[in-house]
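What follows is one structure encoded as structure tokens, with my remarks underneath.
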2 protein chains.
Amino acid sequence: MVKKARHTHRREESLSRDRIIEASIELLDRSGEGGLTFRALSDRLATGPGAIYWHVSGKSELLTAACDAIVARAMNAPLVRATPEATIRALALGLFDEIDAHPWVGSALTLAAGELPMVRILERLGQQIRALGVPDDTHWAAVSALLSYVLGVSGLNAANAQVARTRGMDRSKFLAAVSTAWSGLDAEEYPFTRSVAGPFRAHNDRTDFLAGIDLILKGIDALRRA
Amino acid sequence: MVKKARHTHRREESLSRDRIIEASIELLDRSGEGGLTFRALSDRLATGPGAIYWHVSGKSELLTAACDAIVARAMNAPLVRATPEATIRALALGLFDEIDAHPWVGSALTLAAGELPMVRILERLGQQIRALGVPDDTHWAAVSALLSYVLGVSGLNAANAQVARTRGMDRSKFLAAVSTAWSGLDAEEYPFTRSVAGPFRAHNDRTDFLAGIDLILKGIDALRRA
DNA sequence: ACCTGAACACCGTTCAAGT
DNA sequence: ACCTGAACACCGTTCAAGT
């Protein structure tokens, strides 16, 4: 019963990079990372695959551009005046929420290392690190730790969403399955993992994410006093 | 001039899961993540693609098993008696070095979220967190922060290696290219990124990685005093 | 300048048929 | 029980040909 979503409508506007990226995001949101193909995309845009190549260099540019649209939204959100620490938390949470809503962004971000979406995050976090007043020569260490952590959580979220999707589970079913697997590990070899199997089942990704940010902020704070 | 590496030798041993994984690792090391295909693999093992499916359920199991072989090596390395902090640093560095030598492990690790390779890391780090004497209800927050950070750095390493490979650059050329791109960003919008473009060019991944671990350890230390 | 769509060179996976 | 290899249903990308 695979029914191809036929597009009955004729194309009204002409093709453009923006329309292509918009359609890419819709495909990625609906069907995950595997959902973005040139065939599905050209079908949706009522054109041929070759037409897309006129506006975009290839798939990786497409994915990065889609990712950037989401990241930009989170990084350009207006910020209330607050301490640098509070601003970092707010920025990180805003990004977390976007990635939670669009899990494919998590892996796209890492894939586009050094490119615009990552730079947006680097910049916003970095400005706050600067405002924190830590020594100049620790700026890079501080941001890169924050950035790596954020990318780690993002990638994990993307992977979890991906696995849950392919196995047709929702999030709580997936957590329960992992938790059960961990509980069944050898007691001699994996005592710690067994001990966190319970907490893991009930854990809240968002809270844990913030706790990790706070841990790193605490560490950065120590840099200032050193 | 694409010369297919012909295998002139007949197969001596019979096929086995271990031989398949060993060959997978060789392919991944030589040609990166894209190098692992059932065709390349069956060519190398002097068999057909179908034969591999007799021993292994599919590509993702193959990748996870290959990843696990490398991770196990790092996590089972004998440890000298030391403080929990020093042990965590040693474990993390050992893992970093393996991933540096086998960058594909970085993305495979994230892809196999919740599975054995990740659990090995979770367990070893967790045992040391426990030894640190922080409150029981902070164990999960502490390990998951460390783990996410390690996965973030790993993924980034994998992505960098991948980009450098496709562009045919070595690491220093790649760093220089990113650094130059950052220096060319708009001065109003990206002051911080521009300011770290210089340090970035000369930075040492291994040192930065360890600095991040230390930052998180400092934060965990604060948990004990709280 | 922009679009079409067939064709190319790949993929992972399945499966009837062999030993 | 284990292996073979053709076949299936996909991919991303290219390109001669159209408008």
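Every chain is numbered from 1 and lettered A, B, ... according to where its sequence line falls, protein lines coming before strand lines.
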Just the table, please: protein N/O against nucleotides 11-14 of chain C N/O, every pair under 3.5 Å.
| from | atom 1 | to | atom 2 | distance (Å) |
| --- | --- | --- | --- | --- |
| C:dC11 | N4 | B:Arg39 | NH2 | 3.2 |
| C:dG12 | OP1 | B:Leu36 | O | 3.4 |
| C:dG12 | OP1 | B:Lys59 | NZ | 2.8 |
| C:dG12 | OP2 | B:Phe38 | N | 3.1 |
| C:dG12 | N7 | B:Arg39 | NH1 | 2.8 |
| C:dG12 | O6 | B:Arg39 | NH2 | 2.7 |
| C:dT13 | OP2 | B:Tyr53 | OH | 2.7 |
| C:dT13 | OP2 | B:Lys59 | N | 2.9 |
| C:dT13 | O5' | B:Tyr53 | OH | 2.9 |

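- Contact annotation: A:His55 does not reach the phosphate of C:dA1 (side-chain N/O to OP1 or OP2, under 4.0 Å).
- A:Thr180 and A:Arg201 form a side-chain donor-acceptor contact under 3.5 Å, judged by distance and modelled atom types alone.
- Residues meeting the side chain to side chain donor-acceptor pair (under 3.5 Å) test with B:Thr166, sequence neighbours left out: none.
- In this view, A:Asp208 and B:Trp140 satisfy the side chain to side chain donor-acceptor pair (under 3.5 Å) rule, not counting sequence neighbours.
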- For DNA chain D, just give me the dot-bracket, please: Watson-Crick or G-U, both distances below 3.5 Å, ( ) intra-strand, [ ] crossing earlier pairs, | paired with another strand, . unpaired. ||.|||||...|||||.||
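- Atom CG of A:Leu15 is separated from atom P of C:dG5 by 13 Å (rounded to the nearest Å).
- A salt bridge between A:Arg194 and A:Asp186 is absent, with no side-chain N of the basic residue lying under 4.0 Å from a carboxylate O of the acidic one.
- Residues satisfying the side-chain contact (heavy atoms from CB on, under 4.5 Å) test with B:Arg17, not counting sequence neighbours, are B:Ile21, B:Val56, B:Glu61, B:Ala65.
- Look at B:Trp54 and you won't find any side-chain N or O under 4.0 angstrom from OP1 or OP2 of D:dC3.
- Remark: P of D:dC3 and CG of B:Leu41 are 13 Å apart, rounded to the nearest angstrom.
- Between B:Asp68 and B:Arg120 there is a salt bridge, since a side-chain N of the basic residue sits under 4.0 Å from a carboxylate O of the acidic one.
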- A:Leu116 and A:Val71: CA distance, side-chain angles, deciding distance, side-chain contact (heavy atoms from CB on, under 4.5 Å) verdict: CA-CA 9 Å; A:Leu116 192 50; A:Val71 170; over 6 Å; no
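- Not a single salt bridge (charged side-chain N to carboxylate O under 4.0 Å, His left out) links A:Asp18 to another residue, sequence neighbours left out.
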